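Read through the structure below, which is laid out as structure tokens, and then see the notes.
Along the sequence shown, the residues carry numbers beginning at 1. This one's a predicted model, so the numbers in the text were calculated from it and none came from an experiment.
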Amino acid sequence: MATKQDYPSAADETLVQLSQNGDLAAFEELVARHRDKIYARAFSMVRNEDEALDLSQEAWVKSWQRLKQFQGQSSFGTWMTRIVINLCLDQLRKRKRQRTESIEAMDEEFGGVERQMPVVTVNPTAGLERTELRQKIDQALGQLSYEHRTVLILHEFEDMEYKLIAKKMNCSIGTVMSRLFYARRKMAVLLAGLKKDN
């Protein structure tokens with residue numbers, strides 16, 4: 001007779017071991033514990049609620065499929081965060097590629113993109129973030145370029161080293177350092193401006 005598990009009070013490590021043996025209820029408990037953080041990380045990178053939801057769900061599917069490969073060298077939460085970051089980076093590269101192709105097509109068709117591209121800034125964070133400070137930081141992050149925002153998130157929030165960031169973003173360590181410098185400087189300006197508004 002199987003022993004009934006107390007999933008809510010079990011440690012992540014126990015739930016991972018149970019999940020690796022096919023215990024879906026244990027995995028569901030892991031999802032319940034970490035889903036908000038995983039979604040928030042995806043949203044902070046892609047800046048779109050629907051995309052963040054899709055990517056976080058994809059991350060959970062991948063983690064279930066690859067759970068037997070998880071060796072416990074980091075926490076489960078860290079491992080999951082790395083999975084969703086990699087998915088977000090892939091998505092952002094894809095989006096950037098599509099945007100470049102679209103701009104090139106517009107340029108060919110209409111003879112110039114400057115007049116064809118309305119600047120629309122939508123900030124869907126109001127319902128997501130709980131604190132005023134978080135909202136200010138989130139708004140400022142949204143104004144950074146993809147490259148600056150991604151470097152800042154990976155270094156400041158995920159504690160990734162320059163070398164690993166450079167590898168993930170296919171650029172040099174010097175480029176990472178430069179992007180980080182300009183991202184920090186712009187964030188300081190943006191947050192100072194937000195402070196003055198209040």
Side-chain angles (χ1 to χ4, degrees), residues 1-95 122-142 144 146 149-169 187:
M1 185 172 154
T3 306
K4 187 173 180 175
Q5 294 292 329
D6 183 14
Y7 298 114
S9 62
D12 276 6
E13 294 79 14
T14 303
L15 293 171
V16 168
Q17 286 176 347
L18 291 168
S19 300
Q20 287 174 328
N21 291 324
D23 188 335
L24 191 55
F27 187 72
E28 287 173 352
E29 178 63 28
L30 288 168
V31 172
R33 286 183 189 180
H34 299 280
R35 69 178 165 222
D36 291 346
K37 179 183 174 191
I38 297 305
Y39 172 79
R41 178 57 60 233
F43 181 78
S44 72
M45 293 185 72
V46 298
R47 318 297 302 165
N48 178 292
E49 291 180 0
D50 291 335
E51 273 186 286
L53 186 60
D54 288 345
L55 289 165
S56 58
Q57 287 175 345
E58 189 177 342
W60 287 113
V61 170
K62 277 198 173 198
S63 71
W64 174 253
Q65 292 169 340
R66 298 178 182 174
L67 198 56
K68 289 195 184 283
Q69 299 170 11
F70 178 65
Q71 301 294 315
Q73 294 170 335
S74 62
S75 72
F76 178 76
T78 299
W79 184 68
M80 273 304 305
T81 302
R82 299 279 188 240
I83 290 174
V84 79
I85 284 173
N86 287 334
L87 288 171
C88 289
L89 288 172
D90 289 344
Q91 179 66 18
L92 290 169
R93 283 187 200 111
K94 183 178 170 188
R95 192 194 297 173
V122 178
N123 183 357
T125 62
L128 177 67
E129 305 303 335
R130 296 187 178 139
T131 68
E132 188 176 337
L133 178 61
R134 178 66 193 191
Q135 287 178 345
K136 289 178 182 177
I137 292 171
D138 200 43
Q139 287 172 349
L141 280 171
L144 298 180
Y146 150 74
R149 183 174 57 248
T150 302
V151 166
L152 190 69
I153 289 170
L154 294 179
H155 187 70
E156 300 297 337
F157 299 128
E158 297 303 325
D159 293 326
M160 276 192 191
E161 296 178 5
Y162 295 140
K163 186 178 177 182
L164 185 56
I165 296 171
K167 184 177 177 185
K168 291 209 173 277
M169 296 189 72
M187 283 294 284

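Between the side chain of R149 and the backbone N or O of R47, no donor-acceptor pair lies under 3.5 Å. E156 places no side-chain N or O within 3.5 Å of a backbone atom of L154 that could act as its donor or acceptor partner. Looking only at distances, a side-chain donor or acceptor of Q20 sits under 3.5 Å from a matching main-chain atom of F70.
The aromatic rings of Y39 and F43 sit parallel to each other, their planes meeting at less than 30°, with 60° as the upper class boundary.
Shown here for W60 and F27, the closest heavy-atom pair between the two residues is O-CZ, 3.6 Å. The two residues W79 and S74 have their closest heavy-atom pair at N-OG, 3.9 Å. Counting all heavy atoms, side chain and backbone alike, L144 lies closest to L152 at CD1-CD2, 3.9 Å. Closest heavy-atom contact between M45 and C88: SD-CB, 3.9 Å.
Note that CD of E28 is 11.5 Å distant from CG of L15, once rounded to the nearest 0.5 Å.
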>> Run the side chain to side chain contact (heavy atoms under 4.5 Å, CB included) test on V46 and R95 for me, step by step, so that the C-alpha distance in whole Å, both residues' side-chain angles and the decisive distance to 0.1 Å come before the verdict.
In response: CA-CA 10 Å; V46 298; R95 192 194 297 173; 3.5 Å; yes
>> I'd like to know whether V84 forms a side chain to side chain contact (heavy atoms under 4.5 Å, CB included) with M80, so could you lay out the CA-CA distance, the side-chain angles of the two residues, the decisive distance to 0.1 Å, and finally the verdict.
In response: CA-CA 6 Å; V84 79; M80 273 304 305; 5.7 Å; no
> Would L141 and M187 count as a side chain to side chain contact (heavy atoms under 4.5 Å, CB included) if you check the C-alpha gap in whole Å, the side-chain angles of each, and the deciding distance to 0.1 Å?
Replying inline: CA-CA 7 Å; L141 280 171; M187 283 294 284; 4.0 Å; yes
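Atom CD of E161 sits in a sparse spot, with 12 or fewer heavy atoms from other residues, nucleotides or ligands closer than 6.0 Å.
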